[in-house]
There are 2 protein chains.
Amino acid sequence: MNGSLIAESEATVSVFDRSFLYGDGLFETIRVYAGIPFRWEQHLQRLEAGAAFLGIRIPWNRAMLLAAGAELIAHNGLPEALLRLTLSRGVGPRGYSTRGANQPLLVMALHPAPLVDPENTGAWKLITSSVRIATSDRLATFKTNNKLTQILARSEAESQGANEALLLNTDGRFAEAASSNLFWLENEILCTTPLAEGLLAGVTRGFILELARDLGWAVTERSCRIHQLQQAAAVFLTACSFEILPASHLDGVPLRQSSSVRDLHRAYRKAVLKDR
Amino acid sequence: MNGSLIAESEATVSVFDRSFLYGDGLFETIRVYAGIPFRWEQHLQRLEAGAAFLGIRIPWNRAMLLAAGAELIAHNGLPEALLRLTLSRGVGPRGYSTRGANQPLLVMALHPAPLVDPENTGAWKLITSSVRIATSDRLATFKTNNKLTQILARSEAESQGANEALLLNTDGRFAEAASSNLFWLENEILCTTPLAEGLLAGVTRGFILELARDLGWAVTERSCRIHQLQQAAAVFLTACSFEILPASHLDGVPLRQSSSVRDLHRAYRKAVLKDR
């Protein structure tokens with residue numbers, strides 16, 4: 001927290017912290033492979049863009065952040081991990097005005113990485129959430145600490161026995177999943193939703209697009225309605241935590257499966273090893 | 001905090017608290033007059049409705065909440081105050097899923113009430129924010145801890161030398177101000193925006209509607225575009241903190257002023273005294 005290594009039980013913030021009161025902050029979750037945060041630069045760029053948009057100063061420079069991350073990973077002996085950075089505007093006077101709130105807080109925490117086996121990802125059921133995101137909401141394009149929309153969508157999926165929810169925007173087109181980006185294979189073209197649909201630009205989404213192009217795949221950004229997913233050769237989600245996850249069902253209807261998704265996941269793992 | 005009276009410096013929450021991480025919670029701000037929280041029932045009803053919507057258990061019953069509030073007011077010797085209740089879903093496993101997050105946290109805090117003189121409210125400048133709220137977003141109808149939209153709108157107003165921002169919904173009609181509800185006088189009818197515009201139903205808004213009807217005023221809910229405010233006999237905002245605040249300008253253009261707003265504010269104060 002703000003540069004000091006402290007035990008989880010002592011890692012606390014004031015009840016007047018603006019992220020506790022209003023979700024007034026941003027976060028990043030970064031996959032650590034063999035002790036190295038993957039695509040660190042891209043995550044920091046997104047954090048910096050969001051902080052500039054919200055007018056929050058990041059209290060450490062990049063070198064300090066990287067050093068603190070390395071210390072946290074080493075101290076916890078957790079080389080396969082998820083590194084979470086949380087930035088809050090900190091404590092300020094009462095009310096929405098940001099004036100006088102000039103002591104931002106940065107917290108880094110480490111969680112064990114989820115176990116993901118590209119060869120056997122199992123069934124992963126999606127629903128279409130009744131919760132929608134506003135197509136042109138600039139806030140939705142940053143990884144802010146306002147996540148109730150995503151929490152409600154996820155709860156809706158779980159209450160229906162599914163794993164994850166897809167969110168439509170207010171124009172009725174799919175934007176993203178609650179905590180991941182959406183891809184599908186349509187006529188041997190790898191498709192994902194355009195950023196203009198109001199989604200968060202996932203770091204893994206960007207990496208997958210690069211990777212697929214490197215593999216010689218045809219790649220495009222395309223707006224998406226339900227029939228495209230129902231007719232797709234495969235539908236999958238991407239996030240830095242689980243990497244690539246093929247969906248088995250959408251709203252109770254089985255989706256087609258393609259071995260190409262597993263090929264892409266193998267290539268992803270290879271690229272991670274190479275990047276190390 | 002959760003029933004214990006503790007000093008501000010010790011009032012802290014875990015950095016894994018979901019309201020710090022995601023704004024996963026709700027709040028109420030209640031005006032305390034002469035030691036008594038005003039319209040307590042209505043505030044608790046709204047908190048309960050929001051908690052039911054989000055699936056968060058309120059860890060105290062109403063009697064315990066009222067007793068804790070009274071203790072806080074007495075202990076701080078602050079009979080003219082704003083009492084803030086913050087409810088968080090508490091700490092849970094990593095990620096958006098609410099499963100396993102079963103230890104909600106309730107914090108009550110007291111702030112000095114702002115000084116408001118109904119006879120001299122001064123100039124209060126509004127702007128129309130570029131930030132919009134989604135018309136049909138159910139989340140926006142509860143007082144959640146996701147307040148970045150309102151924070152951005154307020155910042156926009158302040159950066160333009162104004163005091164407060166009005167928010168349009170995605171259909172281009174006015175919904176509310178960043179931290180208050182919107183009223184105007186049109187042909188001797190007191191108007192406010194309908195709840196269906198996507199706004200938060202202010203407790204003070206409800207009280208003003210009752211009060212105006214009791215005074216024999218014509219009252220209606222009406223959708224609102226900018227020309228209605230520009231042509232209104234008066235435009236004012238309502239919130240439990242400042243009660244009633246007439247607006248002097250909108251987007252740099254002077255608004256008309258009416259002594260009726262001051263009459264209403266005097267009636268408000270009388271009703272508060274009577275309610276005590």
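Below, read A as the first sequence line, B as the second, and so on, with proteins coming before strands; counting in each chain starts at 1.
Only the side chain of T29(A) has a heavy atom closer than 4.5 Å to any heavy atom of chain B. Heavy-atom distances place both the backbone and the side chain of D24(A) under 4.5 Å from chain B. Within the 4.5 angstrom heavy-atom criterion, only side-chain atoms of F16(A), from C-beta onward, approach chain B. In this structure, the portions of S179(B) lying under 4.5 Å from any heavy atom of chain A include both its backbone and its side chain. Proximity to chain B (any heavy atom under 4.5 Å) is restricted, for S88(A), to the side chain, taken from C-beta onward.
Taking the side chain as every heavy atom from C-beta outward, L148(A) and L54(B) approach each other to under 4.5 Å. Within the 4.5 Å cutoff, the side chain of V15(A) has no heavy atoms near those of the T86(B) side chain.
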Kindly determine whether R18(B) and I151(A) satisfy side-chain contact (heavy atoms from CB on, under 4.5 Å), including the steps that lead there. CA-CA 11 Å; R18(B) 290 176 61 100; I151(A) 289 167; 3.5 Å; yes
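With chain A as the partner, the residue from E8(B), E158(B), R154(B) showing the most heavy-atom pairs under 4.5 Å is E158(B). Contact count versus chain A (heavy atoms, under 4.5 Å) is highest, among E10(B), R84(B), M1(B), for R84(B). In terms of heavy-atom pairs under 4.5 Å with chain B, the best-connected choice from A157(A), S241(A), A134(A), A178(A) is A178(A).
Residue N146(B) forms a side chain to side chain contact (heavy atoms under 4.5 Å, CB included) with just one option from N146(A), N145(A), L139(A), and that option is N146(A).
Within residues 91-107 of chain A, the residues approaching chain B closer than 4.5 Å by heavy atoms are, in numerical order, R94(A), Y96(A), S97(A), T98(A), R99(A), L105(A), V107(A).
Between the side chain of S19(A) and the backbone N or O of F20(B) there is at least one donor-acceptor pair closer than 3.5 Å.
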